[in-house]
There are 2 protein chains.
Amino acid sequence: MIKCVKCGEVDAIAKSGIVRGKQRYYCGKCDYYFTLSSEQPLTINHKRHPATILDIARELQISKSTVSRALHGHSDINEQTRKAVLETARRMEYQPNLLAYGLAKNKSMTVGIIVPEFINSFFPFIIIGAQEVANPAGYHVLICQSNESYPTEVANTNVLLSSRVDGLLVSLTGETPNIDHFKKFERAGIPVVYFNRVCKDTNVSQVIVDDYDGAFKGVVHLIENGCRRIAHIAGPPNLQISQNRLKGYLDALAQHGIEKDDSLIVSYDLNPQQATLCAKQLFDLPTPPDGLFAVNDPAAIAAMLVAKERGIKIPEELAVVGFSNEPTSALIEPGLTTLAQPMGDIGRTAIKMLFDQIESEDHETIEPETRVLKTTLIVRGSSLKHK
Amino acid sequence: MIKCVKCGEVDAIAKSGIVRGKQRYYCGKCDYYFTLSSEQPLTINHKRHPATILDIARELQISKSTVSRALHGHSDINEQTRKAVLETARRMEYQPNLLAYGLAKNKSMTVGIIVPEFINSFFPFIIIGAQEVANPAGYHVLICQSNESYPTEVANTNVLLSSRVDGLLVSLTGETPNIDHFKKFERAGIPVVYFNRVCKDTNVSQVIVDDYDGAFKGVVHLIENGCRRIAHIAGPPNLQISQNRLKGYLDALAQHGIEKDDSLIVSYDLNPQQATLCAKQLFDLPTPPDGLFAVNDPAAIAAMLVAKERGIKIPEELAVVGFSNEPTSALIEPGLTTLAQPMGDIGRTAIKMLFDQIESEDHETIEPETRVLKTTLIVRGSSLKHK
DNA sequence: CTGTTAGCGCTTTCAG
DNA sequence: CTGAAAGCGCTAACAG
């Protein structure tokens with residue numbers, strides 16, 4: 001309710017245009033034009049209730065539809081009105097209620113991302129890449145950790161479904177047997193892009209690196225450095241990365257006339273302790289390996305620690321190659337030779353593909369696509385026998 | 001012929017009255033009541049529209065309030081009705097719409113957490129601790145990265161305000177000059193708990209470690225190992241951790257009769273590259289240090305790399321102590337002596353304090369509290385001159 | 001024990 | 001260019 005600043009009248013007050021971004025009023029009783037100075041205390045009590053568009057509307061004596069339009073820079077809006085709304089919003093510390101927005105638009109402006117863990121730097125780098133694209137577009141990223149546990153991954157999908165995410169990025173756990181739990185998203189019309197740890201299912205969008213090629217390059221590098229008995233700490237068999245890296249390893253051996261020795265291939269479930277056990281098992285072999293290709297850096301590093309403990313000299317007695325180029329690989333001694341993955345690119349590419357699907361009116365029309373990025377062999381001390 | 005919808009039995013089926021106009025059946029084999037409507041194909045089209053309580057209500061010919069009550073295990077509900085609702089919900093793949101729930105209850109079941117970065121493992125471990133408490137309580141954690149940038153931190157606060165988080169956990173950036181931007185939460189009645197990187201403001205709830213004590217212990221350890229010229233790579237002056245660790249360093253020196261030398265104290269803005277520069281500056285001194293206490297592990301490790309590059313022997317010519325016990329500290333060579341922080345505990349404690357405030361009806365009544373956790377000196381090779 | 005009704009804050013036709 | 005009104009999915013009195 002507006003009160004004339006001159007005579008105090010409340011009934012005979014009419015709006016009379018907007019000047020300098022402020023609503024001007026006219027008092028019919030004392031024939032006086034005035035604007036409400038911004039010094040006036042606002043009527044909201046933030047304690048009870050954050051400012052809403054209705055508060056702004058009331059303050060300005062306009063409708064909330066107009067406020068909504070002004071806030072979104074709708075074209076059909078008077079410039080003065082727009083300014084006044086924006087100014088009042090600022091003064092009231094108005095923050096749009098994303099819950100209400102999401103409910104009305106059926107769009108949460110949030111994308112989910114499920115990663116197996118974020119203690120190592122690999123997934124954080126990917127998440128950062130994804131956020132670099134998402135945030136400027138006005139989207140938030142809801143990060144879930146499956147903790148390498150299949151049930152947790154399933155639970156995560158339900159959380160994200162409840163949060164009504166507009167899209168989902170996933171890297172599977174080492175024990176995920178199938179992707180049935182992601183079919184729910186498909187049914188709900190929510191696009192999903194898999195990255196890094198994907199499943200056999202080819203009918204999905206995914207971003208991966210050329211694991212076969214990377215593994216091949218890594219193992220060839222070991223062979224060229226004189227290794228003949230090359231062991232492999234492999235990943236869980238359900239993951240494509242494990243299968244492809246194993247294949248790259250095997251093909252590199254075959255192509256160089258080295259016979260495959262099954263006792264040199266041990267499987268690791270991505271659990272750090274198990275990597276240590278795998279390494280011990282390999283070093284306990286009657287004829288221990290002179291080279292090691294591990295499915296990832298943490299496993300390679302765990303093996304290096306075991307080797308050091310046992311006095312096995314790296315790289316002289318054992319040359320080691322990892323996968324991913326975790327920052328730690330450059331810090332340990334000797335430095336770990338590894339296959340660098342473009343982590344930021346993986347995140348950016350994956351979320352761009354996701355946005356393509358989100359933005360396309362009809363998600364069906366987008367063909368599932370597999371984007372394959374390249375790895376780079378980073379040579380460090382752990383593999384250079386002759387030097 | 002009637003078939004049990006649960007176990008498929010056909011013989012042990014009996015009629016069991018009529019509920020809401022439908023013939024109800026009872027399966028004696030699996031002790032289950034059902035009506036035939038459940039056999040009918042569901043009417044929802046998930047593509048257009050995920051199941052809502054209204055869909056369940058229509059299917060069961062009951063009101064949506066009843067569905068709501070059944071779903072939340074409200075006591076005043078018929079057990080049979082509850083079961084029917086739950087079963088239908090399952091069949092319809094019903095997922096509660098958190099946006100609608102939040103709007104209605106004015107509670108998003110989400111707490112925000114702002115961390116400066118999550119490439120190092122320190123903050124991830126804290127986040128995991130927080131999630132361990134939050135998830136079982138039905139809360140989600142919305143993770144924001146301020147990226148050590150004050151403007152980004154301010155932007156993050158607005159995002160979280162819009163998301164209507166029920167509470168906030170924050171660790172400040174190295175350049176945050178004040179906490180005015182968090183006052184918005186106070187005004188909105190949203191509790192905030194600061195952790196690790198806090199501000200001078202004592203009138204807030206916070207979880208920190210005893211930085212002074214940790215630094216003191218670390219520096220005394222260096223002195224006891226024969227260091228006399230101990231340098232300090234200090235953190236940004238706006239942070240309490242920097243001030244307190246510096247103070248611990250200074251007091252340890254004073255208490256052992258070692259005079260303070262300002263040229264041995266260099267300040268670092270938490271930017272990795274700058275740590276390297278700081279180290280170089282110290283090693284370029286006419287009389288270089290024989291000991292180094294760094295405000296955190298990344299700085300200590302950066303300094304160790306510079307030292308190695310220059311052929312400075314660690315620990316013989318330079319003993320090093322870091323802070324936090326990042327996993328990498330155990331992997332580099334020599335191992336980095338450091339002050340372990342109970343990261344999981346920090347996260348768990350902080351979010352418990354937050355929940356205490358969220359759950360208390362009147363947030364005002366909770367007195368701001370500062371919880372101080374202990375650090376532990378982890379001695380590794382980087383500091384053991386006599387061995 | 002269950003149904004009715006009125007919002008929560010925002011968007012979005014549809015009329016002016 | 002602006003307003004009125006309906007509705008997004010859910011909760012919460014208030015009646016029965």
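Just so it is clear: chains get the letters A, B, ... in the order the sequence lines come, proteins before strands, and each one is counted from 1.
- Considering only residues two or more places apart in sequence or on other chains, A/K64 meets the side chain to side chain donor-acceptor pair (under 3.5 Å) condition with none of them.
- Note: NZ (A/K107) to P (D/dC8) measures 19 Å, nearest angstrom.
- Nucleotide D/dC10 holds its C1' atom 14 Å from the CE atom of B/M109, rounded to whole Å.
- When the P atom of C/dC8 is taken as reference, atom CD of A/Q95 falls 20 Å away, rounded to whole Å.
- Classification of B/E79 and B/R82 as a salt-bridged pair holds, one side-chain N sitting under 4.0 Å from a carboxylate O.
- Judged by distance alone, with hydrogens and angles left aside, B/S65 brings a side-chain donor or acceptor within reach of the base of D/dA12, the pair sitting under 3.5 Å.
- For the helix from C/dC1-D/dG16 to C/dG16-D/dC1, the axis fitted to the five pairs at one end and the axis fitted to the five pairs at the other end meet at an angle of 40° (nearest 10 degrees).
- For C/dC1, neither phosphate oxygen OP1 nor OP2 lies less than 4.0 angstrom from any side-chain nitrogen or oxygen of B/T81.
- At least one donor-acceptor pair under 3.5 Å links the side chain of A/D55 to the backbone N or O of A/T52.
- Rounded to an integer number of Å, the gap from CD of A/Q61 to P of D/dC1 is 22 Å.
- Counted by atom type alone, A/E153 and A/T176 present one or more donor-acceptor pairs between their side chains at under 3.5 Å.
- There is no side-chain donor-acceptor pair under 3.5 Å between A/S149 and A/S146.
- Comparing C/dT2, D/dC1, D/dG3 by their nearest atom to the side chain of A/R69 picks out D/dG3.
- Taking the charged nitrogens against the carboxylate oxygens, B/E87 and B/R90 do have a contact shorter than 4.0 Å, which makes a salt bridge.
- Rounded to whole Å, atom C1' of D/dC1 lies 15 Å from atom CG of A/L60.
- In terms of phosphate contacts, A/S63 brings a side-chain nitrogen or oxygen within less than 4.0 Å of OP1 or OP2 of D/dG3.
- In summary, B/R187 and A/E93 engage in a salt bridge, as defined by a charged side-chain N under 4.0 Å from a carboxylate O.
- The CG-P distance, from A/D55 to C/dC10, rounds to 9 Å in whole Å.
- Looking at B/S68 and B/S65, their side chains never bring a donor and an acceptor atom within 3.5 Å of each other.
- One interatomic measurement links the two molecules: CD1 of B/I62 to P of D/dG16, which rounds to 21 Å at whole-angstrom precision.
- Although no hydrogens or angles enter the test, the distance criterion places a donor-acceptor pair under 3.5 Å between the side chain of B/N178 and the main chain of B/D180.
- Annotation: proximity of residues 97-104 of chain A to DNA chain C (heavy atom, distance under 4.0 Å) is found for A/N97, A/A100, A/Y101, A/A104, numbered in ascending order.
- Distances shown here put a side-chain N or O of B/K105 below 4.0 Å from the OP1 or OP2 atom of D/dA12.
- D/dT2 atom P lies 15 Å from atom CD1 of A/I53, rounded to whole Å.
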